[in-house]
Q: 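Input: one structure, supplied below.
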Protein chains: 2
Amino acid sequence: MATIKDIAKLAGVSVTTVSRALNGYSDVNTKTKQRIEEIAKEIEYSPNALARSLVMNKTKTIGLLVSGLSREGAKDNIVFDVLTGINEFCGAEEYDLVLFNTTTSKQKEKTYAQLCRERRVEGVIVQGIKNDDPYLQEIFDSNIPCVLIDVPVESETAGYVTTDNVDGIMKTIRHLAKLGHENIAMVNGHDQAFVSKERFKGFELGMLEAGLTVRNEWVCDGEYSERKAQEEALKLLNTYPEITAFVCASDLMALGVVRAAKELGRKVPDQLSVTGYDDITLASYVTPALTTVAQDCFRMGYAAADLLLSILRQTSGDRVRLIENELKIRNTTKEIK
Amino acid sequence: MATIKDIAKLAGVSVTTVSRALNGYSDVNTKTKQRIEEIAKEIEYSPNALARSLVMNKTKTIGLLVSGLSREGAKDNIVFDVLTGINEFCGAEEYDLVLFNTTTSKQKEKTYAQLCRERRVEGVIVQGIKNDDPYLQEIFDSNIPCVLIDVPVESETAGYVTTDNVDGIMKTIRHLAKLGHENIAMVNGHDQAFVSKERFKGFELGMLEAGLTVRNEWVCDGEYSERKAQEEALKLLNTYPEITAFVCASDLMALGVVRAAKELGRKVPDQLSVTGYDDITLASYVTPALTTVAQDCFRMGYAAADLLLSILRQTSGDRVRLIENELKIRNTTKEIK
DNA sequence: CTGAAAGCGCTAACAT
DNA sequence: ATGTTAGCGCTTTCAG
């Protein structure tokens, strides 16, 4: 593979000159510069990013730590959307992305910091990390620039992007309350996600605002799984048939609840209202289409990359990006009779 | 950031010894080795993969060239599934993935080979490339190890993974024919995808096998888009109401056709049968659930990574991996009355 | 068992 | 405008 040395030899100049010519420095004679460029093209030279990074101490690379990069992640296209957003922004900024492998069994052999430092990524975007993951503390301790999705961590070098999850659920409750619902249950996700806490807070606050009471036995953990949500909803509906609406912390779980309702012969939305969260692709395609809180995951990814680069460049002091969400009213919610 | 030099100094040995100790060479005194490892841990040393790669001429990195990494790609989870499969295999083999940015406007500034050589990736997996993309020729010309998804390219250093697209559609036709359908139309995808040709061939062969005639005016191009497929199907159904079944080259297009049918008040599957291809997540969630040819995209990705590494290691001579597909009969196909 | 020295391909002072 | 030199952090002969 051709190097600048080869070019230098062919052009009869020093490697320094070649380096400068190729990197667009002004202090190179126009003719030599031209000659060098021609030769470079001719011998199909391509710069060795490794060598360059080594000496410049900059890799133009950001790392991606993704927990949901598994077979199941395909159903909710969240991970994918975020990834796309990141990719979009990084493309424009000429940063490349490296996907770290954390799916392996030996993920715990290497510490987070090691993973990043080995590859000399300039920063990291972390997605889908659970709040009992040991990496989380490391992220906070290390000084590697980092942006988390939906995990509130703030430091000199770390920030996060999220949506207003409290408000998202509150909007939902308001909508439900306006439709006359009073007996509202919630299917939350597991505790290892920060958003679960927020969404539950939104539930409490929303109920309070509507003058309704939260019954703790009507709040269950669907583990962000369709099947589990279905089971839990089934139990709840059997025990408390007076429930008229379910607020779910994810669309997949809402789908599970709709299944449960169907199983019991309760029509959605006529006899039961159900709401989701996320607005995954399925939400609008399914029948009845899901009323849900839409998160723009693409924008979240885009903003995450933006924030990370601004941390890298120390251009701004803020460490948080809040993305708007929106209640999409579709066909799983209806006025109570 | 700590280097082996630091360790060497602290341990009172040469860098050579440190290097050997850390890389598990046998010819190092056990005690020195232990000391070195302790120090390494203490000062939080992590090896610089850049430097190592530079000297070893191996990066343990494979590149990913993905065309469908855009906002729309989220609907069909194909790209994501393939990615997941690749990631799974590479994780086990300790290879990292770098995502190349081809979405940028300046994608044509850099040639394919440049892109790969700059980052010194050991090989590349290419997905979603269209057959009029100039990169394709470059892939063939260059000697960079490469595996394509669904694009038949074979050379010393290149191979591909795909499914039997001809057979996939033939299975569909067989199914439809058995249900009594004779007036079968096809919504194919655009010409820039290799699979389109295959799927059309499957259509011809299938019809032939069933003793049915292909009417060219009943074959249209849905461009793999839901909306376009809907439009085309609408036209066709208006002009030729005798059509009783649509074979589509993708699930998204099948969804479009179902929409068109609904628009015209034709019930699916009672008054019109529709089949898809891919078995994306939507296919089974939508009502009526789509009869479709399922491709295991996860396995395709997994196989692609497997094939690439075997090319890199020159362990086997085959350059093709064929993944099974399966006709999933659901609720958009029905016996004709 | 250990060290000295060379070199991977490149950039960046510091001359000239 | 160009060249000399040093060095990024690591591995690898080759000598001891």
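Residue numbers begin at 1 in each chain, while the letters A, B, ... track the order of the sequences.
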Q: Just how far, in rounded Å, is P of D:dT11 from NZ of B:K5?
A: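 Result: 14 Å.
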Q: In whole angstrom, give the distance that lies between atom CD1 of A:I36 and atom C1' of D:dA1.
A: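 Rounded to whole Å, this separation is 11 Å.
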Q: Just checking B:T32: base, sugar-phosphate only, or nothing, at a heavy-atom cut-off of under 4.0 Å?
A: sugar-phosphate
Q: Take atom CG of B:N48 and atom C1' of D:dC8, then tell me their distance rounded to the nearest Å.
A: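 Taking atom C1' of D:dC8 as the reference, CG of B:N48 is at 8 Å.
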Q: Taking for each residue the nucleotide of DNA chain C bearing the nearest heavy atom, is the 5' side occupied by B:A51 or by B:G12?
A: B:G12
Q: Using the heavy-atom set of chain B and a strict 4.0 Å cut-off, write down the first and last nucleotide of DNA chain C that makes it in, 5' to 3'.
A: C:dC1 to C:dG9
Q: Test side chain to side chain donor-acceptor pair (under 3.5 Å) on A:S196 and A:Y224 and set out the steps.
A: CA-CA 10 Å; A:S196 304; A:Y224 291 113; 2.7 Å; yes
Q: Checking side-chain polar atoms at under 3.5 Å, does B:S46 have a donor or acceptor matched by the opposite partner on A:E118?
A: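 Note: B:S46 and A:E118 side chains miss the donor-acceptor criterion.
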Q: Under 3.5 Å, is there a donor-acceptor pair between the B:R119 and A:T61 side chains?
A: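 Side chains of B:R119 and A:T61: pair found under 3.5 Å.
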Q: In whole Å, I'd like the distance from the CE atom of A:M56 to the C1' atom of D:dG9.
A: 16 Å
Q: Would you kindly give the CG-to-P distance between A:N57 and D:dC10, to the nearest whole Å?
A: 12 Å
Q: Mind checking B:D27 for me? I need base, sugar-phosphate or nothing, with any heavy atom below 4.0 Å counting as a touch.
A: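 It contacts base atoms.
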Q: Say you draw a straight line from CZ of A:R35 to CD of A:E42; how long is it, rounded to the nearest 0.5 Å?
A: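 It is 12.5 Å, given to the nearest 0.5 Å.
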Q: Give each protein N/O atom lying under 3.5 Å from an N/O atom of nucleotides 14-16 of chain D, with the pair distance.
A:
none

Q: Give a yes or no on whether a salt bridge exists between B:K60 and B:D96, defined as a side-chain N under 4.0 angstrom from a carboxylate O.
A: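 B:D96 and B:K60: not salt-bridged.
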Q: Check the side chains of B:S19 and B:T16 for a donor-acceptor pair under 3.5 angstrom, ignoring hydrogens and angles.
A: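 No donor-acceptor contact under 3.5 Å links the two side chains.
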Q: Whole angstroms only, please: what is the CG-C1' distance between A:L54 and D:dG7?
A: 9 Å
Q: Under a 4.5 Å cut-off applied to non-hydrogen side-chain atoms, are A:L65 and A:I125 in contact?
A: no
Q: From CD1 of B:I4 over to C1' of D:dG7, roughly how many Å is that when rounded to an integer?
A: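 Value for this atom pair: 14 Å.
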Q: Contact class for A:T16 (heavy atom, under 4.0 Å): base, sugar-phosphate, or nothing?
A: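 Base contact - A:T16 has a heavy atom under 4.0 Å of at least one base atom.
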Q: Check the phosphate of D:dT2 against A:Y25, side-chain N and O only, distance under 4.0 Å to OP1 or OP2. Yes or no?
A: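 It does not, given that no N or O in the side chain of A:Y25 lies less than 4.0 Å from OP1 or OP2 of D:dT2.
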Q: Could you give the NZ-to-C1' distance, from B:K58 to D:dC10, as a whole number of Å?
A: 16 Å
Q: Tell me which of A:Y45 and B:V28 sits closer to the 5' end of DNA chain C, going by the nucleotide each one is nearest to.
A: B:V28
Q: Where does the angle between the aromatic ring planes of A:Y112 and A:Y135 fall among parallel (under 30°), tilted (30 to 60°) and perpendicular (over 60°)?
A: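 A:Y112 and A:Y135: tilted rings.
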Q: Going by distance alone, is a donor N or O of one side chain under 3.5 Å from an acceptor N or O of the other, for B:T162 and B:D150?
A: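 The criterion, which ignores hydrogens and geometry beyond distance, is satisfied for B:D150 and B:T162.
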Q: Under a 4.5 Å cut-off applied to non-hydrogen side-chain atoms, are B:V126 and B:V147 in contact?
A: no
Q: For A:N23, which contact category applies under a 4.0 Å heavy-atom criterion: base, sugar-phosphate, or nothing?
A: sugar-phosphate
